[in-house]
Structures are given as C-alpha cells and as structure tokens.
Amino acid sequence: MTSDTIWQLIRYALLLAFGPLITKGYLSSDEVTTVTGAVGVIFTTAWGVWVKYGTRTTTASHAARIDTPLVDPATGKISTN
C-alpha cells in the first residue's frame with residue numbers, strides 16, 4: 001500500500017465522519033478544516049515516529065559499504081545496495 005493510497009483512505013474516512021455533521025449543522029466547514037489539519041499533523045508525526053522507531057545512526061565509512069542495509073525513510077523498508 002503506497003502513501004498516496006493511505007492518504008486517500010484517510011480523506012474518505014474524514015468525509016464519511018464529517019459530512020453528516022456539517023449537513024446537520026453541528027460543525028461549520030471552517031471547524032472541519034481545522035480538525036482535518038490537526039488530524040493530518042498528528043498522523044504525519046505518528047508515521048514519522050513509527051518509521052524511525054528502532055533505527056540507529058552509523059558512520060559514513062560504514063554506510064558506504066556495499067553490504068550495509070538501507071532503510072527507506074518514507075516506508076521503512078530495508079534493502080541492500
């Protein structure tokens with residue numbers, strides 16, 4: 001699952017959650033924009049912490065070695081050169 005797919009699913013979930021609340025007058029569109037922004041910040045922060053959890057720093061000479069595993073910062077997938 002790509003990050004684009006995840007963001008699209010989050011967008012649809014927010015539409016399902018907030019659509020009826022706006023229609024019935026419980027929330028204004030400005031309030032929903034604020035809440036959506038806050039959810040985006042929280043999700044982005046949580047995603048970054050989750051991806052970086054358990055990683056360690058290394059020296060430049062060790063990182064240059066061909067057998068050193070690489071961690072993709074966006075997905076957390078581990079690969080080798």
Please identify each residue that fulfils side-chain contact (heavy atoms from CB on, under 4.5 Å) with [X], with sequence neighbours left out.
X	answer
Ser28	Asp30, Glu31
Val35	Phe18, Val39
Thr34	none
Thr44	Trp7

Members sharing Val71's hydrophobic cluster (side chains within less than 4.5 Å)
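Grouped by the 4.5 Å side-chain rule, Ile78 form the rest of the cluster around Val71.
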
Which pairs count as side-chain hydrogen bond (donor to acceptor under 3.5 Å, both in side chains) when at least one residue sits in residues 13-22, sequence neighbours excluded?
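Not a single pair qualifies under side-chain hydrogen bond (donor to acceptor under 3.5 Å, both in side chains).
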
List the residues meeting side chain to side chain donor-acceptor pair (under 3.5 Å) with [X], not counting sequence neighbours, and say none if there are none.
X	value
Thr45	none
Thr2	Thr5
Gln8	Tyr12

Mind checking the CG-CG spacing from Leu21 to Leu16? Nearest 0.5 Å is all I need.
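Going from the CG atom of Leu21 to the CG atom of Leu16 covers 11.5 Å.
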
So, does Trp47 use its side chain to make a donor-acceptor pair with the main chain of Ala74 at under 3.5 Å?
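Between the backbone of Ala74 and the side chain of Trp47 there is a qualifying donor-acceptor contact (under 3.5 Å).
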
Could you pull out the closest heavy-atom pair between Ile22 and Val32, with the gap in Å?
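Taking every non-hydrogen atom into account, CD1-CG2, 3.4 Å.
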
With hydrophobic residues grouped by side-chain heavy-atom distances under 4.5 Å, do Ile42 and Leu14 end up in a single group?
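No, Ile42 does not connect to Leu14 through the hydrophobic network.
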
Determine, using the 4.5 Å side-chain heavy-atom cutoff (strictly less than), whether Leu15 and Phe43 are members of one ILVMFWY cluster.
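No; tracing contacts between hydrophobic side chains, which count when under 4.5 Å, never links both residues.
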
